[in-house]
Asks: 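Have a look at this one.
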Amino acid sequence: MQLYDSVKKAKVPFEPIKEKEVSIYVCGPTVYDDAHLGHARSALAFDMLSRTLKALGYRVTLCKNFTDIDDKIIKKVEETGKSLEEITQYYIERYLEEMHRLGIQRADIEPKATESMDAIEHMIEKLIDKDCAYVVSNGDVYFDTSKDPHYGEISHKVHDDEENLSRVEHNSEKRNPKDFALWKACKGGEDICFDAPFSKGRPGWHIECSAMIEKHFEGNGTYSIDIHGGGADLLFPHHENEAAQSRCATGHELAKYWMHNGFVQIDGEKMSKSLGNSFFLKDALKVYDGEVLRYYLNSVHYRNDFNFNEEDLLTAKKRLDKLYRLKKRLLPGKASSVNKDFKAALLEAMADDLNISVALAHIDEMVANANEQLDTNPKDKALKKETLANLEFVDTLLGFGGKEPYSYFQIGVDEDLKAQIEEKLQKRASAKAAKDFATSDAIRDELTAMGIAIMDTPEGTVWEKI
RNA sequence: GGAACCAUCGCCAAGUUGGUAAGGCCGCAGCCUGCAAAGCUGCUAUUCGCCGGUUCGAGUCCGGCUGGUUCCUCCA
């Protein structure tokens, strides 16, 4: 297995800190709003990583947190009058439900910041004891970046010009401009506060990840976890700060490998609320099937930026359709065992820093070959069984192609419409039998107008929703 | 202003250690079909933003330029 380490900026061989075991921590969402396509991209990237590692025989422990205490959540509490728990619970459930529709496997550990306060406070105290952090007069606790000689090595940020920083950091009793908050003392009565030895308040964003990692992983004394992942925008300052805190608190490095996924863009620009171009997952899922979205979002390598565009999505769907059309030809039947070469080719592709494009090309090739052989020998049972096994392997490794094919092509068609279609097909069959092609073609046109494509096969006429 | 990443066929998109351009969509021709659709077969970049350099050989390495995106502030 080779992975691109965004800190080393190179593809490196993956060697877990413990034999055949992998610990992964991915920065999850701050739950104050619905998930957008960018959240989906990140979740998808690390889902692929986890599936690939499992297929390669590793025991994977995936941890993805929920940031459920944060300024934006508090703002939402104030705006809506709802409780913090109501809001965060709502968005956590939505997130999990939507990710499930994308075929994303649940993380093994899903910690919430509010449920990790003991670990967070403990780490802050440790940092204060070591003089790596300090409390200022209002109760805020800051991390002293000057105490970490390695600060900046994650994001490769050298000494910044003071000008820039002073623009951002006004007043404050910070020792260094780059110091960041570990703990924010509560200011007003409306604040949601936790009691801590240093002050009443709440944790800063960076500390929770470090604390949760220490809480849930034991590491090996050199690294706490194998892989730390997240969106490319988290590299700085979030991951830089995490690494610094953990280094100072534990005396060892946080993660052996750092992986970052690229952005989803709309019209060539990063999707963001401030630009008003964010695309919520829930809206995409209203129009497109989750599996199609999964396939589409995975058609570009996880590190590259992804330009979302409906035309490309439809192209991706056509590609997935072909896989399901093949599956139709295979059923009913039972899978035997996956073709060894096919399996090896897919694993090899994915083991190369998750080269999904090569994997998809192998699948296309397998599909075309199977179709070709079935054209010449439609009753090749052994081939059918093996191909079915191949598709099962694809589903396990990449998370698509697992549906029953007829239902795949009938997504969004209700029983009523289904009955209408069947009726029209009956009429068309009789017309065809009577060689009344004018009528049969007219019926076909009607179906096309309804968004239904039909195809005559030796086994009868089948239909698909376009 | 500082830093990073990217630039491959009409569109999407692979291409670690330099060795002579995967795959998909679209298009064209053919097989199949009552006709279609689906499926299959064949064809479709002497060329990888531009200019130099290193090399027997570069999309791949080096330098410069142009264009795009991102980060430096909350962000997947």
Side-chain angles (χ1 to χ4, degrees), chain A residues 2 4 6 9-13 26-30 32 35-46 67 70-72 155-161 163-165 167-169 205 229-238 240 260-265 268-274 278 296 299-301 303-307 309 311-322 325-326 328-329 349 352-353 355-365 367-376 432 435-438 440-441 444-445 448 453-458 461-464 466:
Chain A
Q2 286 205 109
Y4 183 88
S6 34
K9 296 193 181 195
K11 228 188 253 187
V12 295
V26 181
C27 290
T30 300
Y32 71 102
H36 58 222
L37 292 175
H39 295 277
R41 181 102 197 278
S42 177
L44 236 21
F46 293 99
T67 298
D70 159 277
D71 287 347
K72 281 184 287 249
S155 57
H156 302 282
K157 298 251 179 261
V158 239
H159 302 289
D160 282 321
D161 49 307
E163 246 178 273
N164 257 331
L165 288 161
R167 178 158 47 94
V168 178
E169 316 290 348
W205 177 38
D233 49 351
L234 299 183
L235 235 172
F236 188 88
H238 191 227
E240 186 73 63
H260 297 271
N261 63 274
F263 295 120
V264 175
Q265 306 188 322
E269 265 185 335
K270 178 181 173 179
M271 220 171 57
S272 79
K273 290 246 176 72
S274 50
S278 54
Y296 174 50
S299 63
V300 175
H301 186 87
R303 259 189 292 126
N304 291 154
D305 284 337
F306 187 103
N307 199 206
N309 151 310
E311 195 186 321
D312 293 343
L313 187 148
L314 262 19
T315 297
K317 181 181 181 300
K318 284 184 188 172
R319 223 172 156 180
L320 222 208
D321 287 351
K322 291 179 89 157
R325 286 200 193 101
L326 169 64
K328 272 191 196 168
R329 303 181 74 175
D352 181 15
D353 193 37
N355 193 329
I356 187 76
S357 296
V358 168
L360 294 182
H362 285 307
I363 293 170
D364 287 333
E365 194 188 354
V367 170
N369 281 338
N371 273 321
E372 188 188 359
Q373 290 182 61
L374 286 172
D375 281 351
T376 51
K432 266 184 71 171
K435 302 234 184 272
D436 179 3
F437 296 123
S440 96
D441 290 353
R444 183 165 63 198
D445 290 343
T448 306
I454 61 171
M455 38 213 80
D456 296 325
T457 74
T461 302
V462 295
W463 60 272
E464 297 177 359
I466 298 165

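Every chain is numbered from 1 and lettered A, B, ... according to where its sequence line falls, protein lines coming before strand lines. Small disclaimer: the values here were computed from a predicted structure and weren't measured.
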Asks: For atom C1', what is the distance between rG59(B) and rC48(B), given to the nearest Å?
Replies: 5 Å

Asks: Keeping the roles fixed (side chain from Thr315(A), backbone from Glu311(A)), state whether a donor-acceptor pair exists under 3.5 Å.
Replies: yes

Asks: Under 4.0 Å, counting only non-hydrogen atoms across every strand here, what does Leu234(A) touch: a base, just sugar-phosphate, or nothing?
Replies: sugar-phosphate

Asks: Taking any heavy-atom pair under 4.0 Å as a contact, classify Ser357(A): base, sugar-phosphate, or nothing.
Replies: base

Asks: Looking for any heavy atom pair under 4.0 Å, which part of the strands does Thr457(A) touch: base, sugar-phosphate only, or nothing?
Replies: nothing

Asks: From CD1 of Ile454(A) over to P of rC35(B), roughly how many Å is that when rounded to an integer?
Replies: 15 Å

Asks: Which nucleotide in the list rG34(B), rC71(B), rG24(B) gets nearest to the side chain of Phe437(A)?
Replies: rG34(B)

Asks: Does any N or O in the side chain of Asp305(A) come within less than 3.5 Å of the main-chain N or O of Gly262(A), such that one atom is a donor and the other an acceptor?
Replies: no

Asks: Minimum heavy-atom separation for Ser299(A) to Leu360(A), with atom names?
Replies: CA-CD1, 4.2 Å

Asks: What is the base-pairing partner of rC43(B), counting Watson-Crick and G-U wobble geometry with both distances under 3.5 Å?
Replies: rG27(B)

Asks: Expressed in whole Å, how much space separates the P atoms belonging to rC74(B) and rC11(B)?
Replies: 38 Å

Asks: Of the listed nucleotides (rA36(B), rG24(B), rG39(B)), which one gets closest to any side-chain atom of Arg319(A)?
Replies: rG24(B)

Asks: The side chain of Thr315(A) is closest to which nucleotide in this list: rC25(B), rA76(B), rC71(B)?
Replies: rC25(B)

Asks: Can you tell me the base-pairing partner of rC9(B)? Count Watson-Crick or G-U wobble geometry only, both distances below 3.5 Å, and say none if there is no partner.
Replies: none

Asks: Kindly indicate whether the side chain of His36(A) and the base of rA76(B) share any N or O donor-acceptor pair separated by less than 3.5 Å?
Replies: yes

Asks: Base, sugar-phosphate, or nothing for Glu365(A), non-hydrogen atoms under 4.0 angstrom?
Replies: nothing

Asks: Does Arg444(A) contact rC35(B) through a side-chain donor or acceptor facing the base, at a distance under 3.5 Å?
Replies: yes

Asks: Which part of the nucleic acid does Val26(A) contact within heavy-atom distance under 4.0 Å: base, sugar-phosphate only, or nothing?
Replies: nothing

Asks: Looking at the side chain of Ala368(A), which of rG34(B), rC40(B), rU70(B) is the nearest nucleotide?
Replies: rC40(B)

Asks: Could you tell me the Watson-Crick or G-U partner of rU55(B), where both distances fall under 3.5 Å? Say none if there is no partner.
Replies: none

Asks: Reckon Lys318(A) touches a base, only the sugar-phosphate, or nothing at all at heavy-atom distances under 4.0 Å?
Replies: sugar-phosphate

Asks: Run the numbers on Asp375(A) and Arg329(A) for salt bridge (charged side-chain N to carboxylate O under 4.0 Å, His left out), then give the verdict.
Replies: CA-CA 10 Å; Asp375(A) 281 351; Arg329(A) 303 181 74 175; 2.9 Å; yes

Asks: Would you state whether a donor and an acceptor, one from the side chain of Asn355(A) and one from the base of rG15(B), lie under 3.5 Å apart?
Replies: no

Asks: Heavy atoms from C-beta onward define the side chain here; which of rU16(B), rU70(B), rA14(B) lies closest to that of Lys11(A)?
Replies: rU16(B)

Asks: Looking across every strand, which nucleic acid part, if any, lies under 4.0 Å from Asn371(A) by heavy atom: base, sugar-phosphate, or nothing?
Replies: sugar-phosphate

Asks: Say you pick atom C1' in rC62(B) and the same atom in rC25(B); how far apart are they, in whole Å?
Replies: 37 Å

Asks: Checking all strands, does His301(A) fall into the base, sugar-phosphate, or nothing category for heavy-atom contacts under 4.0 angstrom?
Replies: sugar-phosphate

Asks: Can you figure out which of rC25(B), rG34(B), rG39(B) approaches the side chain of Asp375(A) most closely?
Replies: rG39(B)

Asks: Between Asp441(A) and Arg444(A), does any side-chain N to carboxylate O distance fall below 4.0 Å?
Replies: yes

Asks: Would you say Tyr32(A)'s side chain and Asp71(A)'s backbone share a donor-acceptor pair under 3.5 angstrom?
Replies: no

Asks: Using a heavy-atom cut-off of under 4.0 Å over every strand shown, decide if Asp71(A) touches base, sugar-phosphate, or nothing.
Replies: nothing

Asks: How is Gly38(A) classified with respect to the nucleic acid when contacts are heavy atoms under 4.0 Å: base, sugar-phosphate, or nothing?
Replies: base

Asks: Could you check which nucleotide pairs with rA3(B) in any of the strands shown, counting Watson-Crick or G-U wobble with both distances under 3.5 Å?
Replies: rU70(B)

Asks: If you look at every strand shown and take non-hydrogen atoms under 4.0 Å, does Asp312(A) touch a base, only sugar-phosphate, or nothing?
Replies: sugar-phosphate

Asks: Carefully, step by step, assess Lys322(A) and Asp364(A) under the rule salt bridge (charged side-chain N to carboxylate O under 4.0 Å, His left out).
Replies: CA-CA 8 Å; Lys322(A) 291 179 89 157; Asp364(A) 287 333; over 6 Å; no

Asks: Arg303(A) CZ to rG15(B) P: how many Å, rounded?
Replies: 8 Å

Asks: Looking at rA22(B), rA76(B), rC25(B), which one has an atom nearest to any side-chain atom of Ala361(A)?
Replies: rA22(B)

Asks: Can you say whether a donor on the side chain of Asp364(A) sits under 3.5 Å from an acceptor on the base of rC25(B), or the other way round?
Replies: no

Asks: Find which nucleotide of RNA chain B each of Gln2(A) and Ser440(A) is nearest to by heavy atoms, and output the residue with the more 5' nucleotide.
Replies: Gln2(A)

Asks: For the pair made of NZ in Lys9(A) and P in rU70(B), what is the distance, rounded to whole Å?
Replies: 17 Å

Asks: What nucleotide, of rA36(B), rU41(B), rC74(B), holds the atom closest to the side chain of Glu372(A)?
Replies: rU41(B)

Asks: Under 3.5 Å, side chain of Asp352(A) to main-chain N/O of Asn355(A), donor-acceptor pair present?
Replies: no

Asks: Toward the 5' end of RNA chain B, which comes first, Leu37(A) or Arg325(A), by nearest nucleotide?
Replies: Arg325(A)

Asks: Which part of the nucleic acid does Lys432(A) contact within heavy-atom distance under 4.0 Å: base, sugar-phosphate only, or nothing?
Replies: base

